Amino acid sequence: MTPAVLADLVRSTALAVLADRGLDTSVVPESVTVQRPRNPEHGDYATNLALQSAKKLGVPPRDLATWLAEALVATDAISSADIAGPGFVNLRLAADAQAGIVRETLAAGERWGTGDAMAGLKVNLEFVSANPTGPIHIGGTRWAAAGDALGRVFTAQGAEVTREYYINDAGVQIDRFAESLIAATKGEAPPEDGYKGAYVSDIGAEVLRRNPSALSLPTEERHQLFRTVGVELMLGEIKSSLHAFGTDFDVFFSELTLHNSGTVEATVARLKDSGQLYENEGAWWLRSTEYGDDKDRVVIKADGRPAYIAADIAYFADKRKRGAQLCLYLLGADHHGYIGRLKAAAAALGDDPGAVEVLIGQMVNLLSDGKPLRMSKRAGTVLTMEDLVEAIGVDAARYALTRSSTDSTLDVDLDLWSRRSNDNPVYYVQYAHARLSSILRGAGDLGIDITGSEVDLALLTHDREGDLIRTIGEFPRVVRSAAELREPHRVAHYLESLASAYHKFYDACRVLPQGDEETSPLNVARLQLCAASRQVLANGLRLLGVGAPERM
RNA sequence: GCCCUCGUAGCUCAGCGGAUAGAGCGAGUGACUUCUAAUCACUUGGUCGCAGGUUCGAGUCCUGCCGGGGGCACCA
């Protein structure tokens, strides 16, 4: 019996109890809380329903709890129901009912943990979107890991996710990038505010290799060539880094196409027509304060060129046109000022600002020897995604970056994470998977068939077995809350608790028959528990994009 | 000044309004002739930044203050 089914049982039992006594059944919430108490003496599960409802009913909470407990213990699935504290009802499941979780997990397989909380919802998930003027640095890497995991979690809840990367290939940064490439190719120093670093020379050289006469072109044509080809090459490297990192996008959307196709212009015209823009000091302003922004924003600059936000608005409109019901933006903390204007932009278009959701992720500090590494993208002293992967590996990097809430600034100590030891929690989780794989291989070698449906899972009565089973049962609601709260780090945290429950079980409970022993029903039941545990570890690690090794 | 975010063990971080606040690392002691010791058990370690408020119940929600980080462009 999963917690969700148990919650339904508690709810229906409570409704019946109240109805019997002629009390108001409407005080029972739609969704009843059933949680796993921290203290094992408080049972397998506990519900606070009596505490929540007592006041509204005018009944002492302990009386209500007593009635509920009496009715619950009369059901087959529940072996005991005790009243504790101010009015908790502490429940223990019958072994057979509890073991049903194992059966359900094995039956669901890869689908265990999926749900329909976001069924059919079309989500546009935009993340990373780093300028194609250099490699992805550590901040973008955090989003690559967390955003990708979030996309996987959404998909597990039935959402239709489009992973999107917005390419800022218009604007002055790109011009500076092109000029930097040209300077590097000519062996000159980069222009002021230009880009430095070996990659600039490399890309410049590659542009020249493809177009040997590039440097002798007229200035404007030369600029265009380096700009176009340079961005293409840089983007190619970015895509390749992301792919190696296990993060693939469905759409790479070019800002330039919005300008070139006239979409930006058309969107601005639409805003002007609907009176959302006004002219002041030669520029056109969006009345974004009317929709909650801090200040009005310039959309068309006094020089007649569109400001960055103009393309943003057009881009949002394009996403909606393509069917996105929810447009999620994953931005760094240095962009938090965008929330107001993006929502205002949606409202100004006559759209629902609720379709815009911005997640702000805090910065990553890199430490070496406990000392912070200062980085400057323009100076070329950057720790890139590829550097990080080279230093600690994809699995460790993804895990390190998805393990913590994106609300927290994160310290990544390269020395610590580069130690390939159990300092790294990812090994703890992966090791559990490898151990389980080894046991299941062993069962295969012994010719034990663990697939039988007649296996008596009610034999799993050891404390460690019960704890492991209940932990497995938590997985679906962990995934669900990770999706609803947009907090994929909950999956990582859960996996560590699952690995811990498994390692403790392994320590206390022999799984395979020893020596010449006959295979007992308990061996088979435990093997099913192992198979279920391994399934959940694999499913969870996949949500994080981290490998589940069979051997370590 | 205004906005966002964080403040929990020596360090890095979890913590869905619930009961005696957790994990890893660090420090210490044990456990492999037996399914993977990258593991397990035990010990050490806390005014959950401070002060109010809401609640049967607050690390969690609200307000104020203190401290760290990040923003507050006709840059992108």
Side-chain angles (χ1 to χ4, degrees), chain A residues 33 35 37-39 41-42 46 48 51-52 54-55 61 84-88 90 131 133 168 170-174 176 193 255 280-285 294-295 297-303 305-309 311-312 332-340 360-363 365 367 370 400 403-413 416 420-428 430-432 434-443 446 477-478 480-481 484-485 487 489-490 492-494 496-497 499-500 502-504 506-515 523 526-527 530 551-552:
Chain A
T33 303
Q35 59 168 7
R38 239 191 301 262
N39 186 339
E41 289 173 18
H42 293 154
N48 60 0
L51 283 165
Q52 286 182 319
K55 197 167 197 176
F88 292 105
N90 294 336
N131 284 354
T133 53
N168 296 124
V172 299
Q173 304 282 15
I174 299 293
R176 285 187 191 131
D193 292 329
E255 180 190 352
N280 185 32
E281 295 179 2
W284 286 87
W285 300 69
D294 295 336
K295 51 188 77 169
R297 305 289 170 180
V298 168
V299 175
I300 300 294
K301 297 187 273 188
D303 64 6
R305 300 177 61 176
Y308 189 72
I309 189 178
D312 275 342
D334 52 343
H335 285 78
H336 98 266
Y338 272 57
I339 301 175
I360 296 299
Q362 299 300 313
M363 302 302 187
N365 299 312
L367 309 176
R403 185 174 184 244
S404 300
S405 163
T406 51
D407 284 343
S408 302
T409 53
L410 184 62
D411 287 346
V412 176
D413 190 314
L416 179 82
R420 293 177 188 260
S421 69
N422 60 348
D423 290 356
N424 185 340
V426 72
Y427 290 125
Y428 184 77
Q430 289 184 317
Y431 184 60
R435 256 188 166 179
L436 281 158
S437 300
S438 173
I439 289 181
L440 292 166
R441 276 196 302 274
L446 292 171
R477 52 184 186 183
V478 168
R480 185 186 172 122
S481 67
E484 289 178 341
L485 300 171
E487 292 184 349
H489 75 274
R490 285 170 184 272
H493 185 243
Y494 167 78
E496 287 172 39
S497 71
S500 171
Y502 166 68
H503 285 311
K504 286 173 185 177
Y506 176 90
D507 190 58
C509 301
R510 175 78 200 186
V511 177
L512 293 173
Q514 278 176 286
N523 292 138
R526 284 179 171 169
L527 279 164
C530 284
R551 301 171 199 269
M552 285 174 77

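These numbers were taken from a predicted model, which means no experiment stands behind them. Within every chain, numbering begins at 1; the chains are lettered A, B, ... in the order of the sequence lines, protein sequences first and strands thereafter.
Annotation: salt bridge (Lys or Arg N to Asp or Glu O under 4.0 Å) contacts of A/Arg526 (sequence neighbours excluded): A/Glu465.
The side-chain ring of A/Phe88 is stacked on the base of B/rA19, judged by centre separation under 5.5 angstrom and plane angle under 30 degrees.
The residue A/Val172 sits close only to the backbone: its heavy atoms come under 4.0 Å of sugar-phosphate atoms, none of a base. A/His503 comes within contact range of the sugar-phosphate backbone alone, with a heavy-atom separation under 4.0 Å but no base atom that close. Among the protein residues, A/Ala54 comes within range of no part of the nucleic acid, since none of its heavy atoms lies under 4.0 Å from any strand. Within 4.0 Å (heavy atoms only), A/Gln514 reaches at least one base atom of the nucleic acid.
The shortest distance between the side-chain N/O atoms of A/Tyr427 and the OP1/OP2 oxygens of B/rA38 is not below 4.0 Å. In this model, the phosphate group of B/rC16 is approached by a side-chain N or O of A/Arg490 to a distance below 4.0 Å at OP1 or OP2.
Helical stems involving RNA chain B, defined as 3 or more consecutive Watson-Crick or G-U pairs under 3.5 Å, span B:1-7 with B:66-72, B:10-13 with B:22-25, B:26-31 with B:39-44, B:49-53 with B:61-65.
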Tabulated below should be each protein N or O lying under 3.5 Å from an N or O of nucleotides 10-13 of chain B; please produce it.
from   : atom 1 : to       : atom 2 : distance (Å)
B/rC13 : OP1    : A/Thr409 : O      : 3.4
B/rC13 : OP1    : A/Asp411 : N      : 2.5
B/rC13 : O3'    : A/Ser404 : OG     : 3.2

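Both A/Arg435 and A/His336 lie near RNA chain B, and the one whose nearest nucleotide falls closer to the 5' end is A/Arg435. For A/Arg551 and A/Ala302, each mapped to the nucleotide of RNA chain B holding its nearest heavy atom, the one lying further toward the 5' end belongs to A/Arg551.
Between the P atoms of B/rG68 and B/rG28, the separation comes to 35 Å (whole Å). Only the C1' atoms considered, B/rG22 is 29 Å distant from B/rU63, to the nearest whole Å. Rounded to the nearest Å, the gap between the C1' atom of B/rC42 and that of B/rG53 is 43 Å.
The base of B/rG70 has none of its N or O atoms less than 3.5 Å from a complementary donor or acceptor on the side chain of A/Asp334.
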